[in-house]
Amino acid sequence: MKIDRLIGILSILLQMPKTTAAFLAEKFEVSVRTINRDVDTLSQAGIPIVTEQGKNGGISIMENYKLDKTLLTSSDMRAILAGLRSLDSVSGTNRYQQLMDKLSLEDSNILPSNNHILIDLSSWYKSLLAPKIELIQDTVERQELISFLYHSPKGESVRIIEPYLLVFQWSSWYVWGYCRKRADFRLFKLNRMTDLKNTKELYEKRAVPLPNLSADKMFETTIYAEVVFEPEMKWRLVEEFGIDSFKEREDGKLLFSFGFAGRDHLYGWLLSFGNKAELQKPEELREELFQIFQEMEQRYDPSNLVARRE
């Protein structure tokens, strides 16, 4: 819609000292001619827009111009407040509550209590995550190094990083930063970090590439598995992988095919189904899983437990 594009253009002009019609055209997926018409519309509405021709020219807005709050509708404000509330759900503080109060401006139409969207990003680990998130937020703003002990499948290691971004992806929290040990940008999962500290040592900000958060990158597929499930497990397959991840056989059982990041991921997931799942392929992993079950049987044999107690 044109009105949404106009507000979007105005928002960019308020945040950037200068931009170009070509940049705005690409941003909003319209022609340069359309952007020029939009700029004329904003000027006619009383927005002090300045256009300059030439090599260093562009589109800018008069310095010190302030956005009238009436340009944001109640619907816009409710969406903003919902986002802010979601951040408070994990921070463990009321860091964003004051900003929410300022934005609502005592307007009963946009008070949080009237919002029909509730976003809660907290988890079972909220008591552990909140202090980490708060510390990382502070160090990002102050450009201070953090150190921590990192626990990964490859072992434990002490890391010192320049923190740049807090990331919420795949139901988990991460920090994206420049690792001094690896001399490269890395993504670290907050739940795997212990002994997190602010070193108080300043760092000089780098050009920061955005992390690749695609499923292929986050969970690189190394194993393709074929599993048969009992019909009562259909709800889990739908919830976790989608309706297209399996086919219903004539006997009612579900033939599931999917890629996994590794043996541990696959085995842990299969065991969560108890006797409701049977691995079919790869056959070598089926044999390996059988060996694991035999070792588990020995470990949980009641007679062995009695012998250990004696």
Side-chain angles (χ1 to χ4, degrees), residues 11-12 14-16 67 69 72 76-105 110-113 115 117-152 156-214 217-218:
S11 177
I12 290 176
L14 286 167
Q15 297 176 61
M16 299 176 64
L67 175 66
K69 67 183 179 65
L72 293 174
D76 294 333
M77 294 296 291
R78 283 195 294 269
I80 293 171
L81 294 176
L84 292 174
R85 187 188 304 111
S86 71
L87 294 176
D88 261 342
S89 72
V90 294
S91 67
T93 69
N94 290 325
R95 170 189 285 258
Y96 300 96
Q97 183 62 50
Q98 292 181 350
L99 181 54
M100 291 168 64
D101 293 340
K102 291 178 182 178
L103 287 173
S104 63
L105 299 174
I110 58 175
L111 287 175
S113 59
N115 197 358
I117 298 176
L118 176 61
I119 304 172
D120 190 342
L121 301 180
S122 60
S123 71
W124 293 105
Y125 310 100
K126 182 175 181 179
S127 61
L128 298 175
L129 278 175
K132 294 179 182 178
I133 291 173
E134 188 70 11
L135 185 149
I136 293 172
Q137 281 181 315
D138 289 340
T139 55
V140 169
E141 293 172 0
R142 298 172 184 171
Q143 293 182 216
E144 294 174 334
L145 296 172
I146 59 174
S147 67
F148 51 87
L149 180 63
Y150 198 64
H151 306 262
S152 74
E156 301 175 0
S157 60
V158 176
R159 301 297 182 97
I160 298 176
I161 74 167
E162 304 166 8
Y164 288 102
L165 291 173
L166 272 168
V167 180
F168 182 77
Q169 180 80 344
W170 304 107
S171 303
S172 296
W173 282 93
Y174 302 82
V175 59
W176 173 250
Y178 186 85
C179 177
R180 293 288 179 91
K181 183 175 183 177
R182 301 301 184 196
D184 198 4
F185 283 90
R186 290 288 190 272
L187 197 65
F188 297 94
K189 197 171 188 177
L190 266 60
N191 276 345
R192 294 181 179 177
M193 298 163 54
T194 59
D195 199 23
L196 175 63
K197 297 177 182 177
N198 178 359
T199 68
K200 303 295 184 179
E201 181 181 346
L202 296 175
Y203 64 85
E204 186 175 345
K205 191 172 183 180
R206 305 170 186 266
V208 185
L210 292 177
N212 184 348
L213 300 176
S214 64
K217 179 64 176 179
M218 297 286 286

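What's counted below: heavy atoms across the whole structure, side chains too, no hydrogens, waters or symmetry copies. Numbers for residues simply follow the sequence, beginning at 1.
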### Message
Pairing donors with acceptors under 3.5 angstrom, does anything connect the side chains of Tyr203 and Glu201?
### Response
no
### Query
Going from CD1 on Ile133 to CG on Leu128, what distance comes out if it is rounded to the nearest 0.5 angstrom?
11.0 Å
### Contact summary for Arg159 and Cys179, nearest pair of heavy atoms
NH1-SG, 3.5 Å
### Message
Using a 6.0 Å cut-off, check whether atom NZ of Lys205 has over 12 heavy atoms from anything other than its own residue.
### Response
no
### Query
Do Lys181 side-chain atoms and Ser157 backbone N/O form a donor-acceptor pair below 3.5 Å?
no
### Query
How many angstroms lie between atom OH of Tyr164 and atom CD of Gln143, to the nearest 0.5 angstrom?
7.0 Å
### Minimum-distance pair of heavy atoms, taken over all atoms of Pro163 and Glu144
CD-O, 3.4 Å
### Query
side-chain contact (heavy atoms from CB on, under 4.5 Å) between Leu210 and Leu165: does it pass, once the steps are laid out?
CA-CA 9 Å; Leu210 292 177; Leu165 291 173; 4.1 Å; yes
### Query
Closest heavy-atom contact between Lys200 and Arg142?
NZ-NH1, 4.3 Å
### Residue pair Asn191 / Leu129, side-chain heavy-atom distance below 4.5 Å
yes
### Message
For Tyr178, does the six-membered ring have the charged nitrogen or CZ of Arg206 within the cation-pi criterion, i.e. under 6.0 angstrom from the centroid and within 45° of the normal?
### Response
yes
### Task
For Asn198 and Leu135, work out which heavy atoms get closest and say how close.
N-CD1, 4.2 Å
## Note on the structure
OG (Ser172) and CZ (Arg192) are apart, to the nearest 0.5 Å, by 8.5 Å
#### Entry: Taking every non-hydrogen atom, the tightest pair across Pro209 and Phe185
CD-CE1, 3.5 Å
### Query
If you take all heavy atoms of Gly177 and Ile161, which pair is closest and at what distance?
CA-CD1, 4.3 Å
#### Entry: Qualifying residues under side-chain hydrogen bond (donor to acceptor under 3.5 Å, both in side chains), relative to Glu156, sequence neighbours excluded
His151
### For Val175, the option from Met193, Lys132, Arg186 that meets side chain to side chain contact (heavy atoms under 4.5 Å, CB included)
Met193
#### Entry: From NZ (Lys197) to CD1 (Ile160), nearest 0.5 Å
11.0 Å
### Message
With a 4.5 Å cut-off on side-chain heavy atoms, are Ile136 and Leu196 touching?
### Response
yes
### Query
Counting N and O atoms only, with roles assigned by atom type, does the side chain of Trp173 sit under 3.5 Å from a partner on the main chain of Ala130, one being a donor and the other an acceptor?
no
### Task
To the nearest 0.5 Å, tell me how far Thr139 OG1 sits from Glu134 CD.
10.5 Å
